[in-house]
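Whatever order the structure lists them in is the order used to number ligands and atoms, beginning at 1. Starting from 1, each residue takes its place in the sequence as its number. Note: hydrogens, waters and symmetry copies are ignored here, and every other heavy atom, side chains too, is used.
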Amino acid sequence: MTDIAKLAEIVDEAARTATEIPQFSDTKPLSVDEAYAVQAQSIQRRYARGERRVGIKMGLTSRAKQLQVGVDDVLWGRLTDAMREEEGGEVSMAKYVHPRVEPEIAFLIGKPLSGNVSALEAMAAVQAVAPALEIIDSRYKAFKFDVGDVIADNSSSSGFIIGNWHAPDIDISNLGMILSINGVAGEIGSTAAILGHPVRSLVSAARMVASAGETLNPGDIVLAGGATAAIPMAAGQAVTLDVQNMGTVAFNVVE
Ligand code: OOG
Ligand code: MG
């Protein structure tokens with residue numbers, strides 16, 4: 001039998017201390033259900049330390065992301081207040097193992113959303129949309145994992161930065177995204193790369209949280225998933241994301 005609590009402690013400690021660990025799949029692959037159980041318990045440990053739930057992140061919602069990590073399934077993880085980094089601020093490498101940054105869109109939920117919903121119903125629950133950067137940091141050696149490993153590790157969530165919120169009537173179907181390092185474009189994409197339209201990620205989010213008996217609540221943030229491959233972070237980088245019609249979100253990487 002898989003010891004869910006033990007694995008939850010291992011991933012939580014790895015995240016808390018920014019220490020890499022071997023993949024669980026080296027010993028015994030986890031089923032998707034087991035992996036979400038590990039994730040849920042590891043997040044309970046964070047809540048017990050005083051962290052607060054602020055929303056969720058969707059992952060592997062673009063082909064570029066799926067190809068980069070070799071996993072094809074859309075997945076999700078939990079965000080807490082401790083993961084939020086300040087827009088325009090400094091992000092310290094010391095908090096992370098081998099962080100990468102990726103261009104995303106964030107939804108701010110205005111009305112409860114859960115279960116099987118249409119795109120229209122999902123959008124009707126959105127209070128605002130913003131450009132966002134996600135810092136992903138797999139706790140596994142060499143950023144390598146199978147689907148069970150990554151889900152257990154809270155789908156690599158570790159940090160996020162939200163730009164200015166906009167009214168949700170802005171058309172987010174196909175907005176250009178440029179992720180630059182020190183002023184040089186590194187990854188260029190479109191919000192359309194996120195499942196064809198980022199709202200589809202929110203539809204999946206509503207379904208996936210419901211299967212865990214949860215709801216997206218007013219005030220929750222939902223990250224739609226990276227539109228391009230992620231870029232490895234290093235001290236000295238000025239990271240900027242420009243999203244067409246939405247503005248810029250940025251941070252500086254320090255030791
Ligand atoms: C898994 C998390 C994926 C995204 O936006 O696709 C993710 C990973 O790439 O480590 O956050
Ligand atoms: Mg992401």
Side-chain angles (χ1 to χ4, degrees), residues 11 14-15 18 20-25 30 32 35-36 38-39 42-43 54-80 83-85 91 95-107 129-163 172 177 179 186-187 189-205 208-209 220-233 239 241 243 249 251:
V11 277
E20 63 179 20
I21 53 173
Q23 297 172 36
F24 296 139
S25 56
L30 294 174
V32 165
Y36 277 114
V38 173
Q39 180 190 126
S42 80
I43 296 298
V54 294
I56 72 156
K57 58 81 67 73
M58 297 297 291
L60 308 186
T61 51
S62 69
R63 196 68 198 123
K65 281 292 307 179
Q66 295 181 348
L67 287 171
Q68 186 176 32
V69 298
V71 176
D72 289 349
D73 310 60
V74 171
L75 34 79
W76 68 289
R78 275 96 167 175
L79 302 175
T80 74
M83 299 176 190
R84 188 160 191 164
E85 300 274 11
V91 171
K95 280 169 66 178
Y96 300 96
V97 184
H98 35 213
R100 297 176 177 177
V101 61
E102 55 194 17
E104 305 219 2
I105 292 288
F107 295 102
V129 291
L133 288 164
E134 187 182 22
I135 299 169
I136 49 169
D137 192 26
S138 175
R139 268 52 68 156
Y140 301 109
K141 281 199 178 106
F143 222 111
K144 289 218 155 57
F145 42 72
D146 76 358
V147 63
D149 292 323
V150 63
I151 291 168
D153 183 28
N154 199 21
S155 298
S156 307
S157 352
S158 59
F160 64 96
I161 299 94
I162 309 284
I172 56 166
M177 304 177 97
L179 177 61
E187 289 287 343
S190 161
T191 55
I194 303 163
L195 294 172
H197 190 308
V199 75
R200 293 197 179 129
S201 178
L202 185 57
V203 168
S204 299
M208 292 176 102
V209 295
D220 277 0
I221 288 165
V222 177
L223 294 179
T228 71
I231 297 180
M233 284 167 47
V239 178
L241 170 65
V243 180
V249 51
F251 64 86

> Looking only at atom types and distance, does a side-chain atom of Asp153 sit under 3.5 Å from a main-chain N or O of Arg139, one as donor and one as acceptor?
Replying inline: yes

>> Please list the nearest protein heavy atom to atom 4 (C) of ligand 1 with its residue and the distance rounded to 0.1 Å.
In response: Glu102 OE2, 3.1 Å

> Which atoms of ligand 1 have any heavy atom of Val150 under 4.0 Å away?
Replying inline: 1 (C)

>> Using a 4.0 Å cutoff against the non-hydrogen atoms of Gly226, which atoms of ligand 1 qualify?
In response: 4 (C), 5 (O), 6 (O)

> For ligand 1, which atoms sit closer than 4.0 Å to a heavy atom of Met58?
Replying inline: 5 (O)

> Should you measure from each heavy atom of Glu104, which atoms of ligand 1 turn up under 4.0 Å away?
Replying inline: 5 (O)

> When you look for heavy atoms under 4.0 Å from ligand 1, do you find them on the side chain of Leu223, its backbone, both, or neither?
Replying inline: neither

> Which atom, among the N/O/S set of Glu104, is closest to the Mg ion (ligand 2)?
Replying inline: OE2

>> I'd like to check which ligand 1 atoms, numbered from 1 as shown, lie under 4.0 Å from a non-hydrogen atom of Val69.
In response: 9 (O)

> Is the shortest side-chain N to carboxylate O distance from Arg63 to Asp72 below 4.0 Å?
Replying inline: yes

> Out of Ser155, Gly59, Ser201, Gly225, whose heavy atom sits nearest atom 2 (C) of ligand 1?
Replying inline: Ser155

> Can you list the atoms of ligand 1 that are under 4.0 Å from a heavy atom of Ile136?
Replying inline: 8 (C), 9 (O), 10 (O), 11 (O)

>> Working note: Arg100 + Gln68, criterion side-chain contact (heavy atoms from CB on, under 4.5 Å); need CA distance, chi angles, decisive distance, verdict.
In response: CA-CA 12 Å; Arg100 297 176 177 177; Gln68 186 176 32; 3.9 Å; yes

>> Please check whether Thr61 reaches ligand 1 - meaning an N/O of the residue sits under 3.5 Å from an N/O of the ligand, judged on distance alone.
In response: no

> Using heavy atoms and a threshold below 4.0 Å, how should the contact between Leu60 and ligand 1 be classified: side chain, backbone, both, or neither?
Replying inline: both

> Looking from the Mg ion (ligand 2), what is the angle between OE2 on Glu102 and OE1 on Glu134, to the nearest 10°?
Replying inline: 110°

>> Let me confirm one number: the CD1-OG distance from Ile151 to Ser156, rounded to the nearest 0.5 Å.
In response: 10.5 Å

> Starting from atom 9 (O) of ligand 1, which protein heavy atom do you reach first, and at what distance in Å?
Replying inline: Lys65 NZ, 2.8 Å

>> Checking Ile194 against Arg200 for the side-chain contact (heavy atoms from CB on, under 4.5 Å) test, could you report, in this order, the C-alpha distance in whole Å, the side-chain angles of both residues, the deciding distance, and whether it holds?
In response: CA-CA 8 Å; Ile194 303 163; Arg200 293 197 179 129; over 6 Å; no

> Can you list the atoms of ligand 1 that are under 4.0 Å from a heavy atom of Phe145?
Replying inline: 8 (C), 10 (O)

> What distance separates Leu223 CG from Ile105 CD1, expressed to the nearest 0.5 Å?
Replying inline: 10.0 Å

> Parallel under 30°, tilted from 30 to 60°, perpendicular over 60°: which one fits the rings of His98 and Phe143?
Replying inline: tilted

>> Yes or no: does Gln68 have any heavy atom under 4.0 Å from an atom of ligand 1?
In response: no

> Got a donor-acceptor contact below 3.5 angstrom from the Asp146 side chain to the Gly148 backbone?
Replying inline: yes

> Which protein non-hydrogen atom lies closest to atom 8 (C) of ligand 1, naming both residue and atom, and how far is it?
Replying inline: Ser156 OG, 3.5 Å

>> Please determine whether a side-chain nitrogen of the Lys or Arg among Lys95 and Glu85 lies less than 4.0 Å from a carboxylate oxygen of the Asp or Glu.
In response: yes

> Under a heavy-atom criterion of less than 4.0 Å, does Arg100 contact ligand 1?
Replying inline: no

>> Can you tell me which residue among Val74, Val147, Leu75 is in a side chain to side chain contact (heavy atoms under 4.5 Å, CB included) with Leu60?
In response: Leu75

>> Distance check, rounded to the nearest 0.5 Å: Leu241 atom CG versus Glu187 atom CD?
In response: 11.5 Å

